[in-house]
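One structure is given below, encoded as structure tokens.
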Amino acid sequence: MPIIKVEALRKVYVQTISSAKVVAIDNLTFNINEHEVVSIVGQTGCGKSTFLNILMGLEQPTSGKLEVDGKEPYKDFNSLKGKIGIVFQQDRLLPWRRAIDNTKIGLEVLGYTPEEQIKRASEWLTRLGLANFLNAYPSELSGGMRQRVALARALCIDPKIILLDEAFGHLDEVTASKLRKDFLELVHSTKKTAVFVTHQLDEAIEIGNRIIVFGKPAKVLADIKVEPSFKDDQSKIQRLRQEIQQILDKNQPIGLE
Amino acid sequence: MGKSSEAEDWAKPESIAAKTLGRLKIGKEAIISLIFFGVAWQIVSLFTPSYIVPGWQVIFDKMIRLQPYQIYVTVVRVVLALVVSFGLGVLGAVVMYLSKKLENYISPLVKLVMAVPVICWILFAVLWFSAVEFRIFFILVIVCCPVFLIDVLDALKGVPKDLRDMILSFRPSKMQYIRKLLLPAIVPAVLTSWKINLSLAIRVVTIAELVGAVSGIGFALNIAQANFSVAEVFAWTIVLILILLAAQVPVSWVESKALRWRL
Ligand SMILES: Nc1ncnc2c1ncn2[C@@H]1O[C@H](COP(=O)(O)OP(=O)(O)OP(=O)(O)O)[C@@H](O)[C@H]1O
Ligand SMILES: [Mg+2]
């Protein structure tokens, strides 16, 4: 059953100074089923973050339709409270809050008891290897650590749907790979629906059981199912990787609209 | 790299807090130059009549005989007027933040008020109001309130969209949005604004009292000047400097508590 429905979605930005129009999303149509883990790949500036912002209800679509759990996220903003979480491309921590207080901000908003807030937030930070940094301010953390706090902040409200925008991009490969495994296990064990944006094809293939390739501006160039058995076969992975790379290369845009 | 978030840039640690703490620490050089000034003054006083450059003993002698009541009056006037200015300023800033339309109406008026020289406000106050306390209150509020308003409004507008979106993604109530994001985000600017306004208000209140009051430090200065008592003028000046420095202490204390994250 689709939990996310995208139909002829279009987003046009008007730039502040030049008032030039930028088409960020152009006629995007696809559905995402419950419990699916979808990787979205596409080159830089193709509208991936814009798409997540619209999914989150932070931006209004210019035209077309988008439904999350039967609701329009922008118009019906509060109906998705507690159901959807996002890890932004940048950590976006509040500089005046310690790691643990940054982590529990969602729990505060959702009205958890203070004890429960602390308990959950510290559990998550510990799980992400930050047990010794609960009381550190963001300025005292490295970029990778801050990104993990942002991850904990999104996950500790236990949302049904989780959106990730290059969430592991700032991490070294060892940490990233460990987090990817942790994340996958979590998503599967708690039966979440996940939308995972990345520009690394390997990461997209490892995480997703489905890969959607975005053109620029965002439209579906390819929609590929990745069977679980696939992931153990290096040669198949290599072939898939090449295939996606070709699709991306073929669709280099010529000039701006 | 290059991906450092907007939020980060905006909270760079070369902060006002750090600078103030640095400023409050009196270094060795500062002490030396102050001592040098004091000694030089004393030497000059030996060769000049005491009604031009009085020696330190004369000044201190005057200082301990100043009326504390005048200090008290001035301080109460300043604190009261600043609290009211701050309240009105925050209110105005929030209203203007919430409504672009109202901002467009109010902001030219604020700019106009800020463009009028302080001395003109003092003259207007003397011409318009007969009640002395109200005159001074009016002058202080009309000078300080727009500063608070502009500072708070700028701070509100400066809250990065990144952070606003982050907190909105959790679907907070209006109150939660204000309490968890807007208020803490403007604290640094509010504290800076208080420091600026404190010194502004103390300087303005003295002139206001000098022209249009029958009590307070400005009034006492006026009397001292009428009596040609240079020593007393100096004594009051030192008191004013001390008040100004002392006024920074509570603000810096709050700053060190509230802005620990910046240090
Ligand atoms: N608020 C905005 N105002 C105007 N234009 C915008 C705005 N946000 C995004 N854009 C434009 O929309 C396009 C898509 O941006 P978006 O951030 O969604 O790309 P992206 O796919 O996430 O890129 P990256 O991989 O580099 O993060 C870009 O051309 C960008 O300039
Ligand atoms: Mg992006």
Side-chain angles (χ1 to χ4, degrees), chain A residues 44 49 52-53 55-59 71 73-74 76-99 101-102 104-112 135-141 143 146-147 150 153-154 156-157 159 161-163 165-166 169-170, chain B residues 1-19 21 100 152 155-192 254-263:
Chain A
T44 178
S49 299
L52 292 191
N53 279 336
L55 266 183
M56 205 60 208
L58 298 170
E59 296 269 4
K71 304 280 182 353
Y74 187 86
D76 228 345
F77 193 72
N78 283 318
S79 64
L80 290 173
K81 187 167 180 169
K83 288 186 188 165
I84 188 165
I86 184 165
V87 183
F88 293 98
Q89 197 163 0
Q90 318 82 0
D91 54 74
R92 304 194 186 185
L93 300 182
L94 299 176
W96 58 84
R97 282 183 173 233
R98 295 156 190 279
D101 301 321
N102 260 298
K104 70 187 177 67
I105 190 162
L107 302 169
E108 290 173 16
V109 170
L110 293 175
Y112 283 76
N135 288 317
Y137 284 110
S139 58
E140 299 168 322
L141 298 173
R146 284 203 293 267
Q147 194 62 29
R153 176 179 64 196
C156 79
I157 64 166
I161 304 163
I162 177 103
L163 316 177
D165 199 346
E166 313 251 0
H170 296 260
Chain B
M1 291 292 104
K3 264 183 181 172
S4 89
S5 69
E6 204 182 321
E8 232 177 283
D9 293 341
W10 154 86
K12 274 282 152 58
E14 69 257 25
S15 66
I16 314 113
K19 279 186 201 148
L21 283 185
K100 183 76 195 157
V152 172
L156 286 171
K157 285 185 181 171
V159 179
K161 184 170 181 343
D162 269 11
L163 294 186
R164 286 187 276 136
D165 277 355
M166 182 279 290
I167 193 135
L168 281 176
S169 75
F170 293 107
R171 270 80 181 156
S173 67
K174 270 241 154 57
M175 270 321 285
Q176 285 175 327
Y177 182 72
I178 293 173
R179 276 213 339 269
K180 294 183 195 301
L181 179 68
L182 292 187
L183 292 186
I186 65 169
V187 166
V190 164
L191 288 171
T192 309
V254 173
E255 212 165 45
S256 69
K257 293 278 155 197
L259 302 186
R260 253 177 313 185
W261 52 273
R262 286 184 142 183
L263 298 175

Which atoms of B:I167 approach chain A - backbone, side chain, both or neither, heavy atom under 4.5 Å: side chain

B:L168 side, atom CG; A:N53 side, atom CG - distance, nearest 0.5 Å: 11.0 Å

Most contacts with chain B, counted as non-hydrogen pairs under 4.5 angstrom, among A:I86, A:L94, A:I157: A:L94

Chain B contact via A:F77 - side chain, backbone, both or neither, heavy atoms under 4.5 Å: both

Note, A:P138 side chain near A:N102 side chain (heavy atom, < 4.5 Å): yes

Region of A:R97 in contact with chain B, defined by heavy-atom distances below 4.5 Å: side chain

side-chain contact (heavy atoms from CB on, under 4.5 Å) partner of B:R171, chosen from A:N78, A:V109, A:L110: A:N78

Inter-residue atom distance B:L183.CG - B:Y177.OH, 0.5 Å rounding: 11.5 Å

Short side-chain to backbone donor-acceptor contact, A:R92 and B:D162, under 3.5 Å: yes

Interchain contact, A:E108 with chain B, by part (heavy-atom threshold 4.5 Å): both

